[in-house]
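Structure record follows, encoded as structure tokens.
In this chain, residues are counted from 1 in sequence order.
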Amino acid sequence: MRPKPKQQKISSDFCGSLFPPYLDLGAYVACPSADEAREVFVARLMIETGIVRELARDVGETGVQILRAHVERKEVARKIDDRTEIISLSGAFHVELARCHENSVPTRVVRELVTRASLIVALFGTNQGSTCPDDVHVSIIDAIVSGDPQSAEDAIRHHLLHVQTNTHIAQT
């Protein structure tokens, strides 16, 4: 018996595991411990601060346009109150930042970390600011465009710490 495509997707995103096929039990979604959740946010800080610092030094106009268009799509989702799309686009923004860096390795790592962080927010979120606030991604883009690596790093660090702080893992 072979795993189903959705089961393979869960497993490949590192958010779950497949039971051995002979058990015919399918897959399960992981429930990270508080320590594992903290590790995800630490890893995101390490990687994403480096990405935005580099982008602040040398972001192309195409990258800025891609990021601004992404924020506009999220704003449309907010206006029609499409919560699923808002959450999806909030995480995808961070992957777009990595893609603008034009290095596939950090892009893959950020995609995995965002997937894990989304699960963490879903499991441990407080519903009070655990998703990306309305204007925070605009602030990050503006910091990158300013050409000041420290400003860009501060913006992404503040944002990621805000998300982490607004989860129950911050209290454990």
Side-chain angles (χ1 to χ4, degrees), residues 3-19 25-34 36-45 47-48 51-52 55 62-101 104 106-144 155-172:
K4 296 176 181 152
K6 285 187 181 184
Q7 293 170 335
Q8 288 176 323
K9 175 82 171 123
I10 290 169
S11 182
S12 70
D13 284 345
F14 302 99
C15 285
S17 296
L18 298 176
F19 289 106
L25 296 174
Y28 67 93
V29 175
C31 184
S33 69
E36 290 168 330
R38 281 188 209 91
E39 288 175 357
V40 167
F41 282 102
V42 167
R44 285 191 68 183
L45 278 169
I47 293 166
E48 292 188 52
I51 288 170
V52 297
L55 288 175
T62 303
V64 174
Q65 289 173 353
I66 289 168
L67 294 172
R68 292 202 190 279
H70 188 89
V71 168
E72 287 175 21
R73 285 193 305 277
K74 186 173 146 195
E75 186 56 33
V76 168
R78 277 194 197 287
K79 286 180 181 173
I80 62 172
D81 199 28
D82 186 344
R83 183 102 173 110
T84 302
E85 186 70 1
I86 293 166
I87 292 168
S88 174
L89 289 170
S90 290
F93 174 80
H94 296 267
V95 178
E96 289 298 325
L97 280 173
R99 285 175 44 173
C100 287
H101 189 263
S104 65
T107 301
R108 280 193 310 272
V109 172
V110 169
R111 183 176 291 114
E112 176 189 336
L113 291 171
V114 165
T115 300
R116 288 179 181 225
S118 297
L119 174 64
I120 291 162
V121 168
L123 292 172
F124 297 108
T126 63
N127 284 337
Q128 297 177 10
S130 56
T131 59
C132 303
D134 293 354
D135 61 347
V136 72
H137 291 158
V138 172
S139 299
I140 293 167
I141 296 168
D142 290 345
I144 289 168
I156 196 82
R157 180 179 304 282
H158 179 266
H159 171 45
L160 293 175
L161 289 173
H162 169 82
V163 174
Q164 180 180 3
T165 301
N166 285 290
T167 62
H168 292 294
I169 62 164
Q171 291 88 38
T172 58

Considering the options Asp135, Val138, Val136, Leu89, which one meets the side-chain contact (heavy atoms from CB on, under 4.5 Å) requirement together with Val71?
Val138

Member of Val110, Thr107, Val109 meeting the side-chain contact (heavy atoms from CB on, under 4.5 Å) criterion with Ile51:
Val110

Please report the interatomic distance [atom1]([X]) to [atom2]([Y]), rounded to the nearest 0.5 Å.
X      : Y      : atom1 : atom2 : result
Ser118 : Leu123 : OG    : CG    : 11.0 Å
Ile66  : Cys100 : CD1   : SG    : 5.0 Å
Ile140 : Glu48  : CD1   : CD    : 8.0 Å
Glu39  : Leu113 : CD    : CG    : 11.0 Å
His70  : Ser90  : NE2   : OG    : 7.5 Å

Quick one: does [X]'s side chain get under 4.5 Å of [Y]'s, heavy atoms only?
X      : Y      : result
Arg157 : Leu45  : yes
Thr115 : Leu119 : no
Val40  : Gln164 : no
Phe41  : Val163 : yes
Ile156 : Leu97  : yes

With distance as the sole test, does Thr165 use its side chain to make a donor-acceptor pair with the main-chain N or O of Leu161 at under 3.5 Å?
yes

Has Glu85 got a side-chain atom pairing as donor or acceptor with Asp82's backbone, closer than 3.5 angstrom?
no

Answer yes or no: does atom CZ of Arg44 have more than 12 heavy-atom neighbours from other residues, nucleotides or ligands under 6.0 Å?
yes

Parallel, tilted or perpendicular: ring planes of His137 versus Phe93, cut at 30 and 60 degrees:
parallel

Compute whether any side-chain donor of one residue and acceptor of the other, for His94 and Arg111, lie under 3.5 angstrom apart.
no

Output, in order, the C-alpha distance, side-chain angles, deciding distance and verdict of salt bridge (Lys or Arg N to Asp or Glu O under 4.0 Å) for Arg116 and Glu112.
CA-CA 6 Å; Arg116 288 179 181 225; Glu112 176 189 336; 3.0 Å; yes

Glu72 vs Val76, side-chain contact (heavy atoms from CB on, under 4.5 Å): CA-CA, chis, key distance, verdict:
CA-CA 6 Å; Glu72 287 175 21; Val76 168; 5.7 Å; no

According to salt bridge (Lys or Arg N to Asp or Glu O under 4.0 Å), who are the partners of Arg68, at least two apart in sequence or on a separate chain?
Asp142

